[in-house]
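Worksheet for the structure shown next.
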Amino acid sequence: MVQKCDHFSEEPMTDNIPYTFHPTAVSDDLQKRFGDIEDGTETAEVATIAGRLMLRRVQGKLAFGTLQDSGGRIQLFAPGKVTPNFAEFCELSLGDWIGVTGTVMKTKRGELSVKVESWELLAQAQRPFPDKFHGLNDPDTRYRQRYVDLWVTPESRATFVLRSRVISLIRRWLEDREFMEVETPMLHPIPGGATARPFTTHHNAFDQEFFLRIAPELYLKRLVAGGFERVFEIGRVFRNEGISTRHNPEFTMLELYQAYADYEEIMTLTEELVSYLATELCGSTTLQYGEREIDLSTPWRRASMTELINEQIGADLSVETNIDELRSIAKQHGVEVKDSYGPGKLILEIYEKTTEAELWGPVFVTDYPKEVSPLSRDHRSQPEMTERFETIIAGRELANAFSELIDPVEQRARFEDQVKQKDAGDDEAMVVDEDYLRAMEYGLPPTGGLGIGIDRLVMLLADASTIRDVVLFPTLRPEASS
RNA sequence: GCCCCUGUGGCGCAGCCUGGUUAGCGCACCGGACUUUUAAUCCGUUGGUCGUGAGUUCGAAUCUCACCGGGGGCACCA
């Protein structure tokens, strides 16, 4: 059992805790407004603030505290003669929640403070807070007990504030461009819209298996067929796959669809959106990421997949390269070649093995083989290719987009090819979605679509090396019950 | 799935290689001193089956093995 503070009690302990409290100020706002006043002077301002007591310096008949609230920290100044229940104030534990009212003033040593003229206990910390200087260092504890981490790891709090702003700014930016936010099902009768293994669940009333969505894509395109010309959704998707610094089983996707647009226009939209976010949130289109810089100033490089592979490995391959030669190149680079792989799949494998991680970017990798792009429209000039791109930044995929496939006959053929791949043992391959085909048969206009992994975007903007640092409650093995 | 690293009171760490008296230190907590501190300071306490189990040994936090948790890498994927 964990150690608790001595005042831990099994008895009800909130009898004297008020039901409401109304702060009139936040620490950083007070710092901004009164940070410049003369040392040792008082203002005419009386402020009410609330938060946790994070530090405490009791000196007999005078006590100092450091209160942390949503804005940051501010000192509490508590002279015994002024502060009511002074002894109890001095006995507060680090981590206790209190509300304080008093004059905003500055001590002789120049620390802006609130003089504790009245105060109330709002919650006791029954468990001891982490080391007041070192905080939490164990990542496991930080992720499992985020409620503590957010208090003692300022970067962690800042990251999640940033994440919230990212999503908020994306919404506004898209709405300003006439995009409409929609919500589509998370429970899918058949999984679709991506190649990934789904989670399954069960609906009792229908006695029916459902899948947690792996992508909202097919529903969003139904809406374009339905006449919503510009739609977007920001929401959770679920993929039943491994966990790593770049993968969490549930993650947040932005998907948007714009009728009458092609992938070139989506590239422009993507670079404008991401560079806008960087400017707004980081103050610049140049970001520090780990040891290196990322220059997000537009326009971003656009280069085809085969072009980039050839640059990287000094070859001269294309989708028309003889398949035996492609197989041999793939093997040379350590790709595990399966008999079912056609030229397109081989090219993608070679790209992922040799090139993707080496691209610092930002770069739009364009023109993906048809074989690996079952929802993308045929390239207008390149045979066996589709008008698809992925955006690579820092060696990682940030976005995936295409000129959407709008031909229902072709779509059916692509689905059936996926079914063949599934039968051949690829359990991530797609299945036929008859209703989606029906929607296409009513007519889907030329459409450009985009998916951006919000978590990875936040990683870039927050300079986070692991996705767990940008997900409030990352998926972890459940704690063993003792 | 494979490889490497790691697990010592609530938190941050030392001790482990080179096994040996009651396992240390700092913070928190508890008691005491202190009216301008800033991780306040000073004095004194409380609290630990050293992740779990087995083995080697006269003796294991320390060496060996297995298992469990966590981190990183590879594979796979977004």
Side-chain angles (χ1 to χ4, degrees), chain A residues 1-8 39-40 54-66 73-83 86 90-95 105-113 115 125-145 148-149 151-153 193-197 214-215 237-253 255 334-336 349 352-353 356-357 390-392 396-400 426-428 451-457 459 465-468 474 476-480 482:
Chain A
M1 198 57 210
V2 297
Q3 181 184 348
K4 292 162 181 144
C5 300
D6 279 9
H7 54 246
F8 181 85
D39 293 358
M54 298 304 281
L55 297 171
R56 195 194 43 191
R57 301 174 286 280
V58 176
Q59 303 192 47
K61 297 195 175 72
L62 175 67
F64 299 89
T66 299
R73 292 182 168 196
I74 192 162
Q75 177 163 274
L76 303 176
F77 177 76
K81 284 181 186 160
V82 173
T83 299
F86 180 71
C90 293
E91 281 168 13
L92 289 168
S93 291
L94 299 192
M105 42 85 67
K106 197 176 253 189
T107 59
K108 286 180 199 169
R109 299 285 178 90
E111 186 74 29
L112 190 71
S113 308
K115 196 197 282 182
Q126 293 185 330
R127 293 172 185 264
F129 248 55
D131 187 287
K132 64 189 177 190
F133 185 64
H134 297 97
L136 281 175
N137 207 30
D138 177 14
D140 190 43
T141 310
R142 289 188 48 223
Y143 302 141
R144 289 188 196 276
Q145 301 185 31
V148 179
D149 179 50
W151 285 100
V152 301
T153 313
T195 50
R197 203 172 312 170
I214 54 175
V237 299
F238 307 86
R239 298 189 184 177
N240 203 342
E241 285 155 2
I243 292 178
S244 77
T245 51
R246 295 166 286 279
H247 302 86
N248 198 57
E250 50 179 305
F251 62 102
T252 301
M253 279 265 275
E255 282 203 11
V335 173
E336 204 181 309
E349 291 287 330
E352 287 180 346
K353 195 81 179 182
E356 185 175 30
E390 288 193 357
T391 307
I392 304 297
R396 293 204 284 259
E397 177 191 339
L398 178 74
N400 182 20
D426 181 355
D427 50 12
E428 290 174 353
I452 292 185
I454 296 294
D455 311 84
R456 290 183 178 179
L457 176 61
M459 283 173 72
S465 61
T466 163
I467 197 168
R468 295 188 194 95
L476 300 172
R477 203 177 291 276
E479 282 184 279
S482 50

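Throughout, protein chains are lettered first and strands after them, A, B, ... in sequence-line order, and every chain is numbered starting at 1.
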Need one value for [X]: base, sugar-phosphate or nothing, where a base atom within 4.0 Å counts as base even if backbone is also close, heavy atoms only.
| X | result |
| --- | --- |
| A/K108 | base |
| A/G80 | nothing |
| A/K115 | nothing |
| A/R73 | nothing |
| A/R197 | nothing |
| A/R246 | base |
| A/E336 | nothing |
| A/T141 | nothing |
| A/V58 | base |
| A/D138 | sugar-phosphate |
| A/R468 | sugar-phosphate |
| A/T195 | sugar-phosphate |
| A/N240 | nothing |
| A/D131 | base |

Given RNA chain B, 5'-ward residue of the pair A/F77 and A/E390, judged by closest heavy atom: A/F77

Across all strands shown, which nucleotide pairs with [N] by Watson-Crick or G-U wobble geometry, both distances under 3.5 Å?
| N | result |
| --- | --- |
| B/U35 | none |
| B/C63 | B/G55 |
| B/C13 | B/G24 |
| B/G7 | B/C68 |

Contact under 4.0 Å: A/K132 side-chain N or O vs B/A28 OP1/OP2: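 Indeed, a polar side-chain atom of A/K132 lies that close.
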
Spacing between A/N137 atom CG and B/G71 atom P, to the nearest angstrom: 14 Å

For atom CZ of A/R142 and atom P of B/G7, their distance in whole Å: 19 Å

Same-atom distance (P) from B/C2 to B/C17, integer angstrom: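 These two P atoms come out 29 Å apart once rounded.
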
